Amino acid sequence: MNIPFLDKWRKRHSATERAEGLAAAFDEDPEGVAELLSECELLRSQAGAAGLELDDSPASLAALDQLLPLWRDDPELLPWLGNDAGLYLGSVVVRTVPGASWYVWPGGSPVVRLASGREIPVVEAGLDWAVQGAPELSQVYAESSET
């Protein structure tokens, strides 16, 4: 997609600056960034079109795992949906696993940090799920909720 003003903005702001911007925003307002990360509009609309309402529960992750992966037919949609799936997974973990919280690495990548200190790269897990179907979102959740 060619959006001239966006191309100009990207030239003025390097990828490093944009990534550092997310980390800085997280430092200033972690709750606001967490709310933004949990929106996942594309995933929610795709799930809704398939008759699945995402309610931010672990059961909804299992239901997502059962959807027919029609998005794999659209190479432009695939990375965006995978990103949303990872952010949704992270949101469910943060809301339901005691001590879990969002953390943004200095490079801008959001992860979920468990009470044990272990970090889960949820966006990577979401992309793997969208592209390959594995690991299942419910499996990543189960592993993160073990104490």
Side-chain angles (χ1 to χ4, degrees), residues 1 3 6 9-10 13-147:
M1 182 180 328
I3 304 173
L6 189 55
W9 183 87
R10 284 184 178 145
H13 299 87
S14 71
T16 303
E17 288 174 331
R18 290 191 303 267
E20 289 171 351
L22 180 60
F26 181 77
D27 289 342
E28 292 174 19
D29 184 13
E31 290 176 10
V33 172
E35 185 178 326
L36 180 65
L37 294 175
S38 70
E39 286 183 6
C40 314
E41 284 186 41
L42 179 61
L43 180 69
R44 290 180 191 278
S45 79
Q46 292 286 314
L52 174 61
E53 182 181 344
L54 300 181
D55 61 1
D56 300 336
S57 71
S60 66
L61 295 172
L64 277 170
D65 290 335
Q66 300 305 312
L67 288 180
L68 188 60
L70 299 175
W71 56 84
R72 290 190 190 137
D73 295 335
D74 187 344
E76 288 187 24
L77 180 67
L78 197 56
W80 296 104
L81 189 76
N83 187 70
D84 268 15
L87 295 176
Y88 182 72
L89 167 64
S91 297
V92 173
V93 171
V94 167
R95 289 184 175 146
T96 61
V97 175
S101 62
W102 283 107
Y103 179 74
V104 178
W105 287 336
S109 182
V111 297
V112 171
R113 186 176 281 170
L114 302 176
S116 67
R118 179 176 160 228
E119 293 179 348
I120 302 168
V122 291
V123 172
E124 289 177 24
L127 289 168
D128 288 345
W129 171 81
V131 172
Q132 304 165 6
E136 291 184 334
L137 299 175
S138 59
Q139 176 186 356
V140 176
Y141 175 83
E143 291 170 3
S144 66
S145 65
E146 293 176 352
T147 54

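Here the structure is a predicted model, which means the values were calculated and not measured.
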For the atom pair [atom1] ([X]) and [atom2] ([Y]), what is the distance rounded to the nearest 0.5 Å?
X    : Y    : atom1 : atom2 : result
C40  : L54  : SG    : CG    : 8.5 Å
I120 : L114 : CD1   : CG    : 4.0 Å
L36  : S38  : CG    : OG    : 8.0 Å
L81  : D74  : CG    : CG    : 9.5 Å

I need the minimum non-hydrogen distance between [X] and [Y], along with the two atoms involved.
X   : Y    : value
L67 : A47  : CD1-CA, 4.4 Å
L87 : P110 : CD2-CG, 4.0 Å
V97 : S145 : CG2-CB, 3.8 Å
W71 : L78  : CD1-CD1, 3.3 Å
R44 : E39  : NE-O, 2.8 Å

Inset, instruction - Could you walk me through whether N83 and L42 pass the side-chain contact (heavy atoms from CB on, under 4.5 Å) test, one step at a time? - result: CA-CA 10 Å; N83 187 70; L42 179 61; over 6 Å; no

Inset, instruction - Answer yes or no: is there a side-chain heavy-atom contact under 4.5 Å between E143 and P135? - result: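 Sidechains of P135 and E143: no contact.
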
Only pairs under 3.5 Å count here: list side-chain donor-acceptor contacts from residues 122-131, not counting sequence neighbours, and write none if there are none.
from	atom 1	to	atom 2	distance (Å)
W129	NE1	D65	OD1	3.0

Inset, instruction - Give a yes or no on this: more than 12 heavy atoms of other residues, nucleotides or ligands lie within 6.0 Å of atom CD of E35. - result: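 Counting other residues, nucleotides and ligands, CD of E35 stays at 12 neighbours or fewer.
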
Inset, instruction - Please step through side-chain contact (heavy atoms from CB on, under 4.5 Å) for the pair L77 and Q46, ending with a clear verdict. - result: CA-CA 11 Å; L77 180 67; Q46 292 286 314; 4.1 Å; yes

Legend entry - Pairs satisfying side chain to side chain donor-acceptor pair (under 3.5 Å), at least one member in residues 112-122, at least two apart: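 Qualifying pairs, neighbours excluded: W105-E119, R113-E119.
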
Legend entry - Of L61, L137, V93, L37, the residue whose pairing with Y88 passes side-chain contact (heavy atoms from CB on, under 4.5 Å):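 Result for side-chain contact (heavy atoms from CB on, under 4.5 Å) with Y88: L61.
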
Legend entry - CA sep, side-chain torsions, deciding dist, call: R95, D55, salt bridge (Lys or Arg N to Asp or Glu O under 4.0 Å): CA-CA 11 Å; R95 289 184 175 146; D55 61 1; over 6 Å; no

Legend entry - side-chain contact (heavy atoms from CB on, under 4.5 Å) evaluation trace for V112 with Y103: CA-CA 6 Å; V112 171; Y103 179 74; over 6 Å; no

